[in-house]
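Accompanying notes for the structure given below.
Chain letters run A, B, ... following the sequence lines, proteins first and then strands; every chain starts at 1.
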Amino acid sequence: MNKKQLDFRHMIEKIVFSFFGFTMFLALLALVLIIFFIFKRGIGVINWGFISQMPRSGMTEGGIFPALLGSFYLVVGSILFAAPLGIFAAIYLTEYAKKGKGVRIIRIGVNNLAGVPSVVFGLFGLSVFVKYFGFGVSILSGAATLAIVILPTIIRASEEALLAVPDEYRHASLAIGATRWQTVKKVVLPAAMPGILTGCILGIGRVAGETAPIIFTAATFFSMRLPSSIFSEVMALPYHIYALVTTGTMPYKQVPLAYGTAVVLLALVLMINLVAIIMRIKFNRMIKR
Amino acid sequence: MIDWKKKEKIVKTILFIFALSSIIFLTGIVIVLFNEGFPIFSKVGLFQFVFGQDWYPTHEPPDFGILPLLLASILVTVGAMVIAVPIGISSAIFISYILPQKIKDIVKPMIEMLAGVPSVIYGLFGMRILGPFLQDLFDLPTGLTALTAAIMLGIMALPTVVSLAEDAISAVPKKFRDASLALGGTRWETISKVILPTATSGMVTAVILGIGRAIGETMTVLMVAGGAAVIPRSILRPLRPMTANIAAEMGEAPVGSDHYHALFGIAIILFVITLFFNIMADLASNRFKKKVSGK
């Protein structure tokens, strides 16, 4: 083979690789642009009052405190439902189930639940929690709906964390006479805990930003009071953004507030995700050692 | 004290019930959707519902044809894939094969961050920044069009496509690559002739799940697509995908009315479509696993 041909092949490689690099740059650029524009337009309205005060003058002034609090309640509520459910499901799948049709079907169930459009969860919540159980449009209905939305995330993350625990741990525990459940409880779970927590944190990040499932189940555009019980409807950060830009009557006053709310939401979600990513890297290192 | 064997059995049974939770919820969703949505099928007929060209749920008499909404969903999803698939797959190749490990460790989490951005933020960006920009660019009456929605959905589907395609490429055994390089292939030849053909079914999974994500996305299209329930004639016009329609009208539809049932009917169609894509993705991913494990 002559040198010319070889040069040609290397040139092709260079061209193709630079194109690939360019596409990756585009993907990252999208992220940077979105974050940049949201922060640039919203950072101006952010101050302590914006975070700690009630909205005033028909949502054209004041702060977002009730939305912040509402989102907090929804997140805590949904994690309280979803974490035990998801973690125990994952324990069954990794520690108890024999590989076969049963596990395969459960796994297909998890995958398909993860793929259900978020608005469909909203309809389910509306029909079951709001109407059938009679919880009404409330924190309880919203949290229960959101719990189903993040269940697959938590199951998968917990499964991954449990699978990462080396089998030697289990064998050692079983060999000294511990039962399977004792082994899981005292050996496997503690070792997998950081990974499971990471999954829950990712779930929190997802729940905090979900809008479609809570439109009909929990969220209200405007409330004069803070929620008094789990049967109260609440304001929530993502729904607040949506409501301000779409149904607001005074866009020139409300759109800046929407950007401000978006900055708060985005900062929270990015921080939550960052924590989860850092924890995952640490957990992976710990397990490898 | 209960004897330990009994206790083990009880624990196992309880855990098994927990493990069934996702199946139970999935079944619950199916039951609820059909329960609430079926009346509209029996009233207007499934064919007329899916292929009817007019959606005027509040007219007298009302029209419940979801073809404009269905076509809108398909159009924005195809548009999103035109953007997300080439960019996503080539970035995945770049990230997994060309970037040095140190930079890769920074870039991958950044792409994951893109997945963590809430959909309402994408909606806000599309509605207030990208929309007006495209409006000026093409001199349109409104910036909220199919194109705007497709671009935003494409960006949203990117992380799914990138990270799954990257997983697929990394799952190809290293010896495949070494063998090709040892034979004198360049890195690009190795990628295009050895790695990619092996990873195809893994890539297919990535693309299908990306489609699923785009077609089921609600808030972004609700805010960005413009909301006109007419059969789309151009990508520079407003339209209203199925998800946006449900979210927009559910608040106004009286419980138990035909309109209410029709919105659940749309959800059935949507659910069936995403279920189909998820099952396809599952099959493709199983095929891929078999292929790389060499069985």
Side-chain angles (χ1 to χ4, degrees), chain A residues 9-10 12-13 16-17 19-21 23-24 26-28 30-31 34 37-38 85 88-89 91-93 96 106 108-113 115-120 123-124 127-128 148 151-152 155 179-181 205 209 211-212 215-216 238 241-242 245-246 255 258 262 265-266 269-270 273 277, chain B residues 4 7-8 11-12 15-16 18-23 25-26 28-29 32 36 87 90-91 93-95 98 109-114 116-121 123-125 127-129 155 158 162 186-189 212 216 218-219 223 243 246-247 250-251 255 264 267 270-271 274-275 278 282:
Chain A
R9 286 165 64 201
H10 279 120
I12 294 277
E13 177 176 288
V16 174
F17 281 6
F19 172 74
F20 287 172
T23 59
M24 189 196 72
L26 278 183
L28 293 178
L31 175 70
I34 290 171
F37 271 108
I38 299 285
L85 210 54
F88 285 127
I91 292 176
Y92 180 81
L93 287 172
Y96 284 86
I106 291 175
I108 291 176
V110 175
N111 286 342
N112 278 304
L113 195 64
V116 171
S118 52
V119 70
V120 173
L123 291 187
F124 177 75
S127 181
V128 174
I148 305 176
L151 186 61
I155 293 181
T179 64
R180 179 134 301 250
W181 176 238
T211 321
I215 295 182
F216 331 115
I241 298 172
Y242 167 69
V245 291
T246 53
V255 168
L265 178 63
L266 192 57
V269 168
L270 290 181
N273 277 307
I277 288 167
Chain B
W4 69 270
K7 197 175 163 194
E8 277 293 293
V11 168
K12 192 175 170 181
L15 289 175
F16 178 66
F18 276 105
L20 284 181
S21 58
S22 29
I23 302 267
F25 287 130
L26 204 58
I29 290 173
V32 165
E36 303 269 32
I87 296 184
S90 55
S91 322
I93 298 171
F94 193 80
I95 290 170
I98 301 158
M110 277 182 75
I111 302 267
E112 282 170 39
M113 291 284 226
L114 197 57
V117 174
S119 54
V120 71
I121 304 258
L124 180 65
F125 181 85
M127 191 177 173
R128 308 291 315 189
I129 293 163
I155 296 175
L158 258 182
V162 173
T186 64
R187 284 193 299 168
W188 166 237
E189 285 159 353
T218 310
M219 294 317 290
M223 295 166 83
T243 49
I246 298 172
M250 202 47 166
V255 176
F264 276 90
L270 192 61
F271 182 81
T274 47
L275 193 70
N278 281 319
D282 206 60

remark   = If one checks every heavy atom of A:Ile215 against chain B at 4.5 Å, the contacting part turns out to be side chain
inquiry  = Measuring only between side-chain heavy atoms, which start at C-beta, is B:Leu158 closer than 4.5 Å to A:Leu31?
reply    = no
task = Can you tell which part of A:Phe216 gets under 4.5 Å to a heavy atom of chain B, answering side chain, backbone, both or neither?
result = side chain
request  = Take the angle between the ring planes of B:Phe18 and A:Phe88 and call it parallel below 30°, perpendicular above 60°, tilted in between.
outcome  = tilted
ask   = What part of B:Met127 gets closer than 4.5 Å to chain A, counting heavy atoms only: side chain, backbone, both or neither?
value = side chain
key: Proximity breakdown for A:Leu151 and chain B, heavy-atom pairs closer than 4.5 Å   = side chain
ask   = Looking at side-chain heavy atoms only, is the closest gap between A:Ile38 and B:Leu124 below 4.5 Å?
value = yes
message = One pair to check against side-chain contact (heavy atoms from CB on, under 4.5 Å): B:Glu112 and A:Ile277. What are the steps and the verdict?
response = CA-CA 9 Å; B:Glu112 282 170 39; A:Ile277 288 167; 4.1 Å; yes
query = Within a strict 4.5 Å, meaning less than it, do heavy atoms of the B:Lys12 and A:Tyr92 side chains meet?
reply = yes
query = Side-chain contact, heavy-atom cut-off 4.5 Å: A:Val269 with B:Val117?
reply = no
ask   = Is the closest side-chain heavy-atom distance between B:Phe25 and A:Leu85 below 4.5 Å?
value = yes
Which atoms of A:Leu26 approach chain B - backbone, side chain, both or neither, heavy atom under 4.5 Å = side chain
task = Please state whether the side chain, the backbone, both or neither of B:Ile98 comes within less than 4.5 Å of a heavy atom of chain A.
result = side chain
task = Could you tell me which portion of A:Val119 (side chain, backbone, both or neither) has an atom closer than 4.5 angstrom to a non-hydrogen atom of chain B?
result = both
ask   = Any side-chain heavy atom of A:Phe124 within less than 4.5 Å of one from B:Glu36?
value = no
Close side-chain approach of B:Ile111 to A:Leu28, heavy-atom, < 4.5 Å = yes
message = Would you say that A:Asn111 contacts B:Asn278 through its side chain, given a criterion of any heavy-atom pair below 4.5 Å between the two side chains?
response = no
message = Please check: side-chain N/O of A:Glu13 versus main-chain N/O of B:Glu189, any donor-acceptor pairing under 3.5 Å?
response = no
ask   = Using non-hydrogen atoms only, which part of A:Val110 is less than 4.5 Å away from chain B: side chain, backbone, both, or neither?
value = both
query = Taking all non-hydrogen atoms of both residues, which atom of A:Asn273 and which atom of B:Gly116 are closest, and how far apart?
reply = ND2-CA, 3.6 Å
